[in-house]
Amino acid sequence: MQDEAWNRVERLRTWLDENAVPASDSDVRLLRVLKIGEEFGEVAEALHGVMGANPRKGASHTWDDVNKELCDVIVTGMVALASCTPDARKLLDERLRHLVDRVLPPSGGTGADVVGEHMADPAH
């Protein structure tokens, strides 16, 4: 990830630390991880809106709304990770490398040899 993105995440985390209601370190971590679920709910709502899935609301959102909400999920996850460990940048980079290498092996393979549930869910 770009250093500038992580610098911005760190600024957000610091602002939250300074302005949130006082809480124990473990509660802060818990609340920031739970916030990811709230943001995911906003993505789901936007998707329902794009599809017009709620007959009462109709087509209430656009794909731009979905994209914005997905960005919020990513940023919220980064803030949560940075709140849980001082090595967030390194951990995310290592995890991303692991996920990519498992699907696209560095040996020059195409990833087509990866089978089973890992193809459906590369996060495992």
Side-chain angles (χ1 to χ4, degrees):
M1 287 260 128
Q2 296 176 349
D3 283 337
E4 188 58 34
W6 277 109
N7 292 340
R8 290 179 178 140
V9 164
E10 188 58 31
R11 287 176 55 206
L12 286 171
R13 189 198 60 77
T14 300
W15 181 86
L16 285 168
D17 288 346
E18 293 171 353
N19 292 283
V21 174
S24 69
D25 289 345
S26 61
D27 285 349
V28 167
R29 289 189 299 266
L30 173 67
L31 292 169
R32 293 193 183 156
V33 170
L34 289 173
K35 180 71 175 169
I36 298 166
E38 179 185 331
E39 295 296 337
F40 168 77
E42 293 178 16
V43 173
E45 179 182 0
L47 276 169
H48 276 95
V50 164
M51 299 176 71
N54 183 336
R56 186 176 54 81
K57 293 182 180 180
S60 58
H61 291 74
T62 66
W63 280 105
D64 285 343
D65 296 323
V66 173
N67 295 338
K68 179 183 76 73
E69 298 299 345
L70 285 170
C71 289
D72 289 353
V73 170
I74 293 165
V75 171
T76 301
M78 291 172 74
V79 170
L81 185 60
S83 298
C84 291
T85 177
D87 295 324
R89 295 174 195 222
K90 179 182 173 204
L91 289 173
L92 181 59
D93 184 57
E94 288 172 355
R95 185 63 181 165
L96 184 57
R97 183 176 297 118
H98 167 78
L99 296 172
V100 169
D101 287 349
R102 201 170 61 217
V103 176
L104 302 170
S107 64
T110 64
D113 54 335
V114 180
V115 295
E117 72 276 1
H118 297 301
M119 282 299 291
D121 184 4
H124 283 74

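When a residue number appears, it is its place in the shown sequence, counting from 1. Below, all heavy atoms of this structure are taken into account, side chains as well, without hydrogens, waters or symmetry copies.
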Inter-residue atom distance R32.CZ - L30.CG, 0.5 Å rounding: 11.5 Å

Same apolar cluster: I74 and F40, side chain cutoff 4.5 Å: no

When you measure from the side chain of H48 to the backbone of A44, do you find a donor-acceptor pair of N or O atoms at a distance under 3.5 Å? yes

Which atom names give the shortest non-hydrogen contact between S83 and R13, and what distance separates them? OG-CG, 3.5 Å

Give the intermediate values and the outcome of side chain to side chain contact (heavy atoms under 4.5 Å, CB included) for residues R89 and D3. CA-CA 9 Å; R89 295 174 195 222; D3 283 337; 3.5 Å; yes

Does this structure show an ion pair linking D64 with K68, if we count only N-O contacts that are shorter than 4.0 Å? no

A46 to E69 - nearest heavy-atom pair and separation: CB-CG, 4.3 Å

Output the distance between atom CD (E94) and atom CG (D87), rounded to the nearest 0.5 Å. 8.5 Å

Shortest non-hydrogen separation from E10 to A82 and the atoms involved: OE1-CB, 4.4 Å

For the atom pair CG (N19) and OG1 (T14), what is the distance rounded to the nearest 0.5 Å? 10.5 Å

In terms of hydrophobic clusters joined by side-chain contacts under 4.5 Å, are L70 and I36 together? yes

Any side-chain heavy atom of L47 sitting closer than 4.5 Å to one from V43? yes

Indicate, with yes or no, if V79 and V33 share a hydrophobic cluster defined by side-chain heavy-atom contacts under 4.5 Å among Ile, Leu, Val, Met, Phe, Trp and Tyr. no

What's the spacing between S60 OG and M51 CE if we round to 0.5 Å? 12.0 Å

Roughly how far, to the nearest 0.5 Å, is the CH2 atom of W6 from the NZ atom of K90? 13.5 Å

Do the side chains of V75 and W15 join up, straight or via other hydrophobic residues, at under 4.5 Å, putting them in one cluster? yes

If the condition is side-chain hydrogen bond (donor to acceptor under 3.5 Å, both in side chains), which residues does T76 pass it with, not counting sequence neighbours? none

Does the pair R97/D93 count as a salt bridge with the N-to-O cut at 4.0 Å? yes

Rounded distance [0.5 Å steps], CG in N54 versus CD in E45: 9.5 Å

Listed by chain and number, what are the side-chain hydrogen bond (donor to acceptor under 3.5 Å, both in side chains) partners of D72, not counting sequence neighbours? none

